[in-house]
Amino acid sequence: MSSRYNARTVEPKWQKIWEERGDFRTATDNAAAGKPKYYVLEMFPYPSGRIHMGHVRNYTIGDAIARYRRARGYNVLHPMGWDAFGMPAENAAMEKGVHPKGWTYDNIAAMRAQLKSIGLAIDWSREFATCDPDYYGQEQALFLDMLEAGLVTRKKSMVNWDPVDNTVLANEQVIEGRGWRSGAVVERRELTQWFFKISEFSDELLEGLDTLTHWPEKVRLMQKNWIGRSEGARVFFPVEGVPGGKDYRLEIFTTRPDTLFGASFCALSPHHPLTEELAKDNPALQDFIRQCDRIGTSEEAIEKAEKLGFDTGLKARHPFIEGKTLPVYVANFVLMEYGTGAIFACPAHDQRDFDFAKKYNLPILPVVAPKARLGDAAWAEELVAGEDAFTGDGVAINSGFLDGLDVASAKRAAIEKLEALGLGEGTVNYRLRDWGISRQRYWGCPIPVIHCEACGTVPVPRDQLPVTLPDDVTFDQPGNPLDRHPTWKHVDCPTCGKPARRETDTFDTFVDSSWYFARFIAPDAKTPTDRALVDQWLPVDQYIGGIEHAILHLLYSRFFTRAMKRVNHVAVEEPFTGLFTQGMVNHETYRDAEGRWVSPSEITIETVDGKRVAKRLDNGAPVTIGSIEKMSKSKKNTVDPQDIIAQYGADTARWFMLSDSPPDRDVQWTDQGAEGAWRFTQRLWRLVTEKPETFGSVNAPVPASFSDAEMALRRATHQTLAAATDDFEHMRFNRAVARVYELANAISAFNGTGETAGWVRREAIEILVQIVGPMMPHLAEECWEALGHDVPLTATEWPVADKALLVEDSVTIAVQVNGKRRDELTIARDADKETVERAALALEKVEKAIDGKPVRKVIIVPGKIINIVV
RNA sequence: GCGCGAGUGGCGGAAUUGGCAGACGCACCGGAUUUAGGUUCCGGCGGGGUAACUCGUGGGGGUUCAAGUCCCUCCUCGCGCACCA
């Protein structure tokens, strides 16, 4: 009776049944549900208009977890929403003349339909978009709470300025130092902006990392380095000749006070107050600053740029060496945002200082020598003549009272001395800077403040929230449409009633994504969160998303959760108990004879003489097969999930996404892999439906005894179940898939007949279908129904492995001689070491390998290996 | 430039705390059945060697009875770098 499995009809059928049954609507009041809660969340998507394979992978992983946890008896919360503010909507408005709002909501509608076709176990009743006034209004309320709590500040910071378009550019809009549209050389410009005081949480955020034991170690390490706690010293260098500053003391931060005796110059950031003071009547310095400002604002650009300096002519007095002075430079690699915006440089022991000293012929004096080369004059010569600074541990030399101390002791001694002299102190510095949240853009959440000439910055009164975006805006010119809107920004001051001006900047979209996980718990609450409910549901038990968010999004969310706790909107400090970072989806690239990228859908591949050869489908022109890279529009190596779903069904796409690669690594999408996944869907369907008469009846009693072959299949079944369950617990879906194949092979190979065999066969196939359930839910439901069940799989509990069937009576272990495998031995599991040793030594191949030589040692690892050393 | 991670057959990968390298899948090769075909089933499949055996986890070195796994070093690729999301 078996016929082909038709995903096209089966998948919508089950999606409809699940929806009608309300299987995935979560009982909001978990306490009443009487089950443990489990909150699983994937990073919500930006509504670009179409889902891509990265989404399919992300949401399939999350869905498998959600369905597995549901089967394990948890009350699962698995919501979905849209990270809907951001630049692409404004770009579309400029390029296509569509309104960002219409464009965004149209995209959401299209992507929602696509996501639903994947068959995700999502509670769609909780869906929202961050551009819904209801959501961003609550975000404004949160901001006001944080403002009142002193967590917000205003200060000056640098932006990329396009002098032709007269607009602020994002870093990604600066290409090789030029504006992406105008092509003009970009300048740095100072702007007063809003900031969250995340730097006040540096220590807390750092220490909190230790509690995140279910996060990848690499993410914790990246965050730790990003926060960048470093112990060091503030040192004051008295500077002579500062105009109008008689006793000017230059404050610098250093992590290496032990190298002070090797100092050869001081350097100021181009935006250090002293630099700006000096530049006032120094046109050459003004030019130099302008030159530095052309590098752009990204740290990457600044660090990669050639090191340049400007000698101010000022001299700084060395704190330890009487009479010694150091030249004071302005240098392009000194960041105003880090430390004090000024450094002292010890070229011998810092690579950047070293490069700079070489370029400007400044002295390089080694003051730390590696232990092994202490007192070796040649070492110092090599260092100075070479290209690399010595940054390792060693012993202080040429350093007066520090001589002979190791680096750590020398640091302590130097700080003590500085403190005694009143020329410095030990201090802790962090790399983490405050979070600038002002964006000079339209499509974002308006910052709810009003600027009044008399009253200063005044919060928008709560009863006037949300401050909504005006719809009547134009995108025919660059710049912020809110700022040039004829009426929107003109309001009366809420305090004094005089004419005032709305803040026209909007929030960084990272603000929107820093608390959405809390909003899903009560998406309609009239306050940002519903405390009774968030206390039940937070933190998120398992969060899943791309590794590219390892630092910013996750750090901002951690900060925001702490800030929300301070203003009593949540009880927890950490938002995500478990974090899983999935890899990317890659695909081969193709180019035609002219080097233009060609899409996979435009070509066909054949194997000629064992080699894969590609050509265009339309005209047969040859196409070169290139490297495997991350799917991207620019390289045209994308595969549209909708095409795959239309051709093979969602289950095939899901299965492929989970089957081959470990989820935290990159996966390569291949047509053959997709076909292989599709073939397995057909195979499972055949296994279930081909010979229904060979299965026992549903709910038949357990037979009294089993044959050896029947026991073997039962063992395979329960061992697979135990192992696959463990794999699900650890998100090792690729291993679970491999075990599914093994069990399927065992079921196919089992040829027992009769009632008992039928019972065993049914047990095996049912467990197989249940394991497949979280991964290919539609197919599994259809199989489950075909096996005679009335209750859908989504409402069926996860099976439990019979522990008695997990252990074998005998084990096969390898026998090595001098570490090389010579034979194997099958022996009772509980055999003692002597028995094992005697049996191993008696093996013919082992005897031959020993070759009469004396046995020195026999290593027996029970159940694993025997190694005979001769 | 700085920080982080990853390298195992033709390909994706598997391998408890160091304990039989290559499970499982894809591709490929051979056979059977059938069809108009990509279907299905059976067998083979890291390199060298007739074989005994031997070499093999990015390169080089080390620790160990035993190393894909631990240590040192080098190379390649990927991610992040604060206004992309």
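Here is how names work: the chains are called A, B, and so on, in the same order as the sequence lines, proteins then strands, and each is numbered from 1.
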Next on the checklist: So, using salt bridge (Lys or Arg N to Asp or Glu O under 4.0 Å) as the criterion, who are the partners of A/Arg220 when residues are at least two apart?
Outcome noted: A/Glu217
Checklist entry - Checking only heavy atoms, does the side chain of A/Gln440 share a donor-acceptor pair with the base of B/C83 at less than 3.5 Å? => result yes
Checklist entry - B/G22 and B/G47: how far apart are their P atoms, nearest whole angstrom? => result 14 Å
Next on the checklist: Of the listed nucleotides (B/C83, B/G5, B/G13), which one gets closest to any side-chain atom of A/Lys218?
Outcome noted: B/G5
Checklist entry - Stem ranges for RNA chain B, with three or more consecutive Watson-Crick or G-U pairs under 3.5 Å? => result B:1-7 with B:75-81, B:10-12 with B:24-26, B:28-32 with B:40-44, B:46-48 with B:53-55, B:58-62 with B:70-74
Please tabulate the protein-to-nucleotide N/O contacts below 3.5 Å involving nucleotides 31-42 of chain B, giving atom names and distances.
none

Next on the checklist: Listing request: all side chain to side chain donor-acceptor pair (under 3.5 Å) pairs with a residue in residues 856-867 of chain A, at least two apart in sequence or in separate chains.
Outcome noted: none
Please write out each protein N/O paired with an N/O of nucleotides 44-47 of chain B under 3.5 Å, distance rounded to 0.1 Å.
none

Next on the checklist: Quiz question: going by heavy-atom distance under 3.5 Å, is there a donor-acceptor pair between the base of B/U17 and the side chain of A/Lys864?
Outcome noted: yes
Item to check | Candidate list A/Asp508, A/Asn480, A/Thr509, A/Thr506, test side-chain hydrogen bond (donor to acceptor under 3.5 Å, both in side chains), partner A/Arg439, passing option | outcome: A/Asp508
Checklist entry - Among all residues two or more places apart in sequence or in another chain, which pass the side chain to side chain donor-acceptor pair (under 3.5 Å) test with A/Asn6? => result none
Tabulate atom names and distances for all N/O pairs under 3.5 angstrom spanning the protein and nucleotides 61-65 of chain B.
from: B/C65; atom 1: O2'; to: A/Asn867; atom 2: ND2; distance (Å): 3.2
from: B/C65; atom 1: O2; to: A/Asn867; atom 2: ND2; distance (Å): 2.6

Distances under 3.5 Å between protein N/O atoms and the N/O atoms of nucleotides 74-77 of chain B, please, pair by pair.
none

Are there any protein N/O atoms within less than 3.5 Å of an N/O atom in nucleotides 69-71 of chain B, and if so, which ones and at what distance?
none

Item to check | For A/Arg558, salt bridge (Lys or Arg N to Asp or Glu O under 4.0 Å) partners two or more places apart | outcome: A/Glu574
Checklist entry - What is the distance from CG of A/Asn586 to C1' of B/G12, rounded to the nearest Å? => result 12 Å
Checklist entry - What integer number of Å spans the C1' atoms of B/G9 and B/G5? => result 24 Å
Item to check | Proximity to RNA chain B (any heavy atom under 4.0 Å), residues of residues 656-666 of chain A only | outcome: A/Asp660, A/Ser661, A/Pro662, A/Arg665, A/Asp666
Next on the checklist: Between the side chains of A/Glu337 and A/Arg431, is the shortest nitrogen-to-carboxylate-oxygen separation below 4.0 Å, so that they form an ion pair?
Outcome noted: no
Checklist outcome for this item: By nearest-heavy-atom nucleotide on RNA chain B, the more 5' of A/Arg822 and A/Glu300 is A/Arg822
Checklist entry - Listed in order of residue number, which residues of residues 81-89 of chain A have a non-hydrogen atom at under 4.0 Å from RNA chain B? => result A/Asp83, A/Gly86, A/Met87
Checklist entry - Ion pair present between A/Arg181 and A/Asp162, side-chain N to carboxylate O less than 4.0 angstrom? => result no
